[in-house]
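Below is one structure; the comments refer to it alone.
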Amino acid sequence: MTKPSRVTLVEVGPRDGLQNEAQPVGAADKVALVHRLQDAGCREIEVTSFVSPKWVPQMADNAEVMAGIARKPGVRYSVLTPNLKGLEAALLSKPDEVVVFGAATEAFSRRNINCSIEESFARFEPVVAAAHAAGVKVRGAISCAFGCPYQGAVSADEVERVVKLMKAIGVDHCGVADTIGTGTPGAVQRGMERALKHYPLAEVSGHFHDTYGQALANIYACLELGIHVFDASIAGLGGCPYAKGATGNVATEDVVFMLHGLGIETGLDLDKLVDAGAFISGVLGRPPVSRAGKALLAKRGVAVAVA
Ligand code: HMG
Ligand code: MG
């Protein structure tokens with residue numbers, strides 16, 4: 001399999017990144033971040049989630065953020081919806097795509113969405129049907145596909161079980177996520193191959209956290225399989241409130257630096273991404289986690305405080 005010549009990055013910083021920040025980030029700053037990301041060329045942006053504000057208070061301003069965005073033609077704005085209540089609220093804000101999020105392990109499913117895997121799919125089924133009835137595409141995310149903070153190791157069989165459940169209820173796209181960043185390239189290829197048994201290449205994506213420094217290697221391993229859609233998070237923001245110790249998602253700037261070095265097109269402007277990363281890191285009062293972001297800021301002569 002030759003590596004793809006073009007890759008689509010789904011920017012998840014505003015949602016997956018900011019959901020994990022202890023300090024509050026105002027809706028205006030979230031909107032400003034989305035504007036900077038779309039100006040940098042992002043065509044897929046995961047903006048927020050319509051989850052319980054008791055569970056994830058950081059996303060309680062979901063409708064305000066969605067309403068504040070000056071939408072750019074050609075950009076797709078997605079939101080997380082764990083159940084029908086979330087979907088109904090989300091549809092009012094007119095997302096282009098919604099995301100249902102399951103888990104490869106029972107333990108993580110319970111901690112993250114308070115139900116078993118089977119129960120979660122019983123909840124997702126009407127969400128998928130209602131989203132489709134409203135003309136909205138549905139992406140599915142499988143958390144903890146390569147390791148679980150509560151169970152430990154996760155097998156490719158466990159991943160495939162959930163891929164099949166996604167397929168059975170009509171989820172359009174299958175995102176396979178290394179929530180705690182313990183996956184290594186061989187295991188990642190084995191898990192991704194299971195997703196590719198049930199979904200076409202264009203509808204399988206990888207979502208990697210960099211906790212153990214494996215994220216870029218794991219993306220490269222996916223490129224070798226021809227996979228060409230990945231989630232990434234500006235400035236390396238993020239984590240998951242129900243996966244303690246997991247560091248941020250792989251930084252968008254780092255992924256873009258690698259892909260452009262490989263001659264793979266992304267449609268993204270790295271300099272503008274670095275600006276967006278510096279902006280949100282400034283809001284949070286810390287330097288970007290992105291190695292490429294920090295290096296490029298240093299090259300410009302911008303002082304980057306050491307964390
Ligand atoms: P529950 O407590 O079992 O829900 O939570 P419930 O149906 O029993 O309802 C309890 C209360 O929540 C009720 O309110 C409902 O109205 C309300 P009350 O009567 O007590 O006032 N409620 C809602 N409110 C707003 N929006 C909703 C909603 N649903 C119920 N959609 C639930 C179940 C799924 C709601 C909860 O567990 C939850 O919100 N979990 C979200 C957790 C989350 O957002 N985690 C992070 C995202 S996943 C992730 O980051 C991983 C991923 O990025 C991949 C990776 O990084 O690797 C995808
Ligand atoms: Mg994540």
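Because the structure is predicted, anything quoted here is derived from the model rather than measured. Order of listing sets the numbers, starting from 1, for every ligand and every atom in it. Residues: numbered from 1 along the sequence shown.
Counting heavy atoms under 4.0 Å from ligand 1, residue E46 does not touch it at all. Contacts of V51 with ligand 1, taken as heavy-atom pairs under 4.0 Å, involve both backbone and side chain. Under 4.0 angstrom from ligand 1, the non-hydrogen atoms of T179 come from both its backbone and its side chain.
Numbered from 1 in the order shown, with element, the atoms of ligand 1 that lie under 4.0 Å from a heavy atom of S143 read 51 (C), 52 (C), 54 (C), 58 (C). If you number the atoms of ligand 1 from 1 as listed, the ones under 4.0 Å from a heavy atom of K54 come out as 18 (P), 20 (O), 21 (O). Listed by atom number, the atoms of ligand 1 under 4.0 Å from F50 heavy atoms are 26 (N), 27 (C), 31 (N). Taking every heavy atom of N114 and a limit of under 4.0 angstrom, the matching atoms of ligand 1 come to 1 (P), 2 (O), 3 (O). The contact set between ligand 1 and P53, taken as ligand atoms under 4.0 Å from a residue heavy atom, comprises 24 (N), 25 (C). Ligand 1 places these atoms under 4.0 Å from at least one heavy atom of G86: 31 (N). Within ligand 1, counting atoms from 1 as listed, the ones closer than 4.0 Å to a heavy atom of A177 are 54 (C), 55 (C), 57 (O). Listed by number with element, the atoms of ligand 1 under 4.0 angstrom from any heavy atom of N83 are 27 (C), 28 (C), 29 (N), 30 (C), 31 (N), 35 (C).
Counting only non-hydrogen atoms, the option in R110, K85, E119 that gets closest to atom 28 (C) of ligand 1 is K85. Across the listed options T81, N112, V100, N112 owns the non-hydrogen atom lying nearest to atom 42 (C) of ligand 1.
Under a 4.5 Å side-chain heavy-atom criterion applied to ILVMFWY residues, the cluster that includes V10 comprises V12, V229 as well.
K167 forms a cation-pi arrangement with Y199, by the criterion of a distance under 6.0 Å to the ring centre and an angle within 45° of the ring axis.
Two residues are said to be in side-chain contact when any heavy atoms from C-beta on lie closer than 4.5 Å; T211 and T182 fail this criterion. With contacts defined as side-chain heavy-atom distances shorter than 4.5 Å, the pair P24/Q58 does not qualify. Contact of the T8 side chain with the E44 side chain is registered, since non-hydrogen atoms from C-beta on lie closer than 4.5 Å.
More than 12 heavy atoms of other residues, nucleotides or ligands lie within 6.0 Å of OH in Y77, so this atom counts as buried by the packing criterion.
Side chains of E265 and S5: no donor on one and acceptor on the other come within 3.5 Å.
Geometry about the Mg ion (ligand 2) gives an angle of 100° between NE2 of H207 and OD2 of D16, rounded in steps of 10 degrees.
Checking side-chain atoms of T81 against main-chain N and O of L87 turns up no donor-acceptor pair under 3.5 Å.
Between D16 and ligand 1, an N or O atom pair is found at a separation short of 3.5 Å.
Here T48 pairs with nothing under the side chain to side chain donor-acceptor pair (under 3.5 Å) rule; sequence neighbours left out.
Distances from ligand 1 to the non-hydrogen atoms of S49 include no value under 4.0 Å. The shortest heavy-atom distance from G175 to ligand 1 is not under 4.0 Å.
Ionic pairing of R286 and E21 is present here: one or more N-O contacts between side-chain nitrogen and carboxylate oxygen are shorter than 4.0 angstrom.
Between F230 and F208, the ring planes lie tilted relative to each other; the angle falls in the 30° to 60° range.
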